[in-house]
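First up is the structure itself, then whatever we jot down about it.
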2 protein chains.
Amino acid sequence: MPTYINSAFCKDCSKKLNIFHFLTDDEMNFINEHRHEVKFNPGETIFKQGGAFTHVACLTSGYGKVYIEGMNKKNLVLNILRPTEMIGGPGLFNDFRHHYSVSAIDDVVACFIEVESFMEVAKQNKEFASELFKWINQKGVRNFEKLINLTQKQMPGRIADALLYLSNSVYESDKFTVNISRQDIADLAAMSKESAIRIIKEFKESGFITCEGNDFNILEPKALHKISQTG
Amino acid sequence: MPTYINSAFCKDCSKKLNIFHFLTDDEMNFINEHRHEVKFNPGETIFKQGGAFTHVACLTSGYGKVYIEGMNKKNLVLNILRPTEMIGGPGLFNDFRHHYSVSAIDDVVACFIEVESFMEVAKQNKEFASELFKWINQKGVRNFEKLINLTQKQMPGRIADALLYLSNSVYESDKFTVNISRQDIADLAAMSKESAIRIIKEFKESGFITCEGNDFNILEPKALHKISQTG
DNA sequence: AACTTTGGTTGATAAATGTCAAGCAAAAGT
DNA sequence: ACTTTTGCTTGACATTTATCAACCAAAGTT
């Protein structure tokens with residue numbers, strides 16, 4: 001089983017990433033020449049917090065977990081990545097270090113683009129640069145929301161947010177089977193694993209959701225929204 | 001007393017802002033033609049969260065408070081601005097709304113630059129664009145740190161962070177007199193006013209700081225650092 | 001001078017949350 | 001088939017933190 005492949009052409013995958021929409025054919029080819037693909041096994045580290053920011057990456061298949069390694073070995077999960085999502089971070093154009101880690105949840109294929117080439121294109125192409133600004137700032141808005149959610153809501157509100165996030169943005173269905181652990185859900189909502197389990201149980205008993213093992217079903221999304229709003 | 005003035009020339013103030021270092025004279029003049037200054041009284045709103053992002057601003061004198069208006073009328077103070085600092089936010093190149101509010105702490109003069117002109121220069125000048133990317137991502141890193149500090153430290157660690165921030169980054173001295181309220185300090189550390197007061201009292205009793213009213217003196221910065229590290 | 005308002009402080013209490021320990025079930029290894 | 005490990009779950013408990021109420025002092029008002 002090869003861990004280094006270069007099967008797909010950039011253009012195919014980039015169709016789904018609107019950040020690449022404004023590239024010319026030449027620029028697309030340039031990017032294509034400065035990229036490579038890597039396969040990861042479940043649990044393996046794709047980006048390591050503190051490490052050198054040498055490449056931007058793009059998940060072409062599989063799920064990934066983006067998390068900040070915080071204090072006392074505690075992680076804060078920022079988001080769950082699906083194909084096809086780009087992975088960057090605030091080290092770009094800055095200190096060129098990774099400020100979060102990314103690990104493979106299941107079998108993952110990631111496409112790595114050399115950061116110099118990526119930035120060169122960003123400097124050449126104004127539209128691309130604008131999209132990049134937009135992309136970075138969208139992440140920024142999401143982090144603001146996370147800051148408020150995690151500091152001003154109590155546990156039921158935070159778990160409601162986490163479940164709605166998984167349902168709406170990750171698995172895109174009311175019914176979904178998670179491939180992340182309870183600890184990951186807890187790290188998404190910034191609480192202890194035990195507390196997360198207890199709140200999920202409460203939601204189950206209230207009839208807002210069903211949950212057998214890793215199978216979730218959001219029965220009353222409106223109720224969860226309300227809990228999220230209330231705090 | 002005029003509230004609309006246009007006294008200073010852009011170039012003077014921009015010397016201190018390294019983001020403007022790479023502008024040509026023409027670009028500088030262009031910015032200069034598309035800016036205006038406004039005076040604010042203490043407490044007045046400079047940027048309003050949710051409002052249209054029509055201008056980037058720069059504090060030319062006085063102190064400002066950047067805060068997210070969260071749930072249940074609770075605010076989260078992101079940082080305290082001093083002259084000469086630029087104010088933007090993740091609405092730029094994105095949805096062109098403000099995602100935080102900014103208010104004047106004391107008498108403030110702010111210089112507003114039209115966002116279209118600002119972006120035009122960013123698209124023209126690659127070096128400026130790079131600096132802008134860097135600036136935005138530096139804010140992003142700081143927000144990551146805030147996310148960890150506020151979700152993974154308990155109150156003493158968070159107050160230690162707040163005091164060190166005020167000492168090192170805002171008033172730039174071990175001895176300083178705050179012009180913000182106890183509530184603001186609490187909002188900086190994401191806790192209730194009463195809790196903030198209590199922790200400050202504990203630090204006083206431990207001999208780490210002195211504090212009479214608004215006069216603070218950091219006696220043992222190392223002790224505060226340790227508390228910040230421990231959580 | 002008397003009154004009101006505002007921000008700061010304190011104590012008592014209740015609520016929220018984490019920690020610890022134990023138990024359980026499924027999966028993995030031998 | 002047995003053991004071991006791993007992740008999930010639950011209960012009891014301790015700690016952290018917010019809330020509420022009262023009080024105080026300074027500053028502003030009448």
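In what follows, chains are A, B, ... by sequence order, proteins preceding strands, each numbered from 1.
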Please examine the side chains of [Y] and [X], heavy atoms only from C-beta on, and report whether any two atoms are closer than 4.5 Å.
{"X": "A/Tyr63", "Y": "A/Ile80", "answer": "yes"}
{"X": "A/Asn75", "Y": "A/Ile68", "answer": "no"}
{"X": "A/Leu59", "Y": "A/Thr84", "answer": "no"}

Short N-O contact, B/Lys74 and B/Glu69, less than 4.0 angstrom:
no
Are any of the side-chain nitrogens in A/Lys39 or A/Asp107 under 4.0 Å away from the carboxylate oxygens of its partner?
no
Under 6.0 Å between the ring centres of A/Phe53 and A/His98?
yes
In whole Å, I'd like the distance from the [atom1] atom of [X] to the [atom2] atom of [N].
{"X": "A/Ile180", "N": "D/dC8", "atom1": "CD1", "atom2": "P", "result": "10 Å"}
{"X": "B/Gln183", "N": "C/dT9", "atom1": "CD", "atom2": "P", "result": "13 Å"}
{"X": "B/Ile197", "N": "C/dG7", "atom1": "CD1", "atom2": "P", "result": "12 Å"}
{"X": "B/Lys193", "N": "D/dA22", "atom1": "NZ", "atom2": "P", "result": "15 Å"}
{"X": "A/Asp215", "N": "D/dG7", "atom1": "CG", "atom2": "C1'", "result": "16 Å"}
{"X": "A/Glu212", "N": "D/dT9", "atom1": "CD", "atom2": "C1'", "result": "14 Å"}
{"X": "A/Asn214", "N": "D/dG7", "atom1": "CG", "atom2": "C1'", "result": "10 Å"}
{"X": "A/Arg182", "N": "D/dT6", "atom1": "CZ", "atom2": "P", "result": "19 Å"}

Report each atom pair, protein N/O against N/O of nucleotides 25-28 of chain C, whose distance is under 3.5 angstrom.
none

Would you verify whether the NZ or CZ of B/Arg142 falls within 45 degrees of the ring axis of B/Tyr165 while also being under 6.0 Å from that six-membered ring's centre?
yes
Could you run down nucleotides 17-22 of chain C 5' to 3' and tag each one B, S or - for protein heavy-atom contact under 4.0 Å?
SBBB--
What is the bend of the helix from C/dA1-D/dT30 to C/dT30-D/dA1 when you compare the axis at one end with the axis at the other, using five pairs each and rounding to 10°?
30°
Of all the heavy-atom pairs spanning A/Tyr67 and A/Val77, show the shortest one and how long it is.
CB-CA, 3.9 Å
Derivation and outcome, side-chain contact (heavy atoms from CB on, under 4.5 Å), residues A/Leu78 and B/Leu147
CA-CA 10 Å; A/Leu78 290 179; B/Leu147 218 33; 3.9 Å; yes
State whether a side-chain donor-acceptor pair under 3.5 Å links B/Ser228 with B/Lys153.
yes
Distance below 4.0 Å between B/Lys201 side-chain N/O and C/dT10 OP1 or OP2
yes
Could you measure the distance from the CD1 atom of B/Ile185 to the CG atom of B/Leu163? Nearest 0.5 Å is fine.
6.5 Å
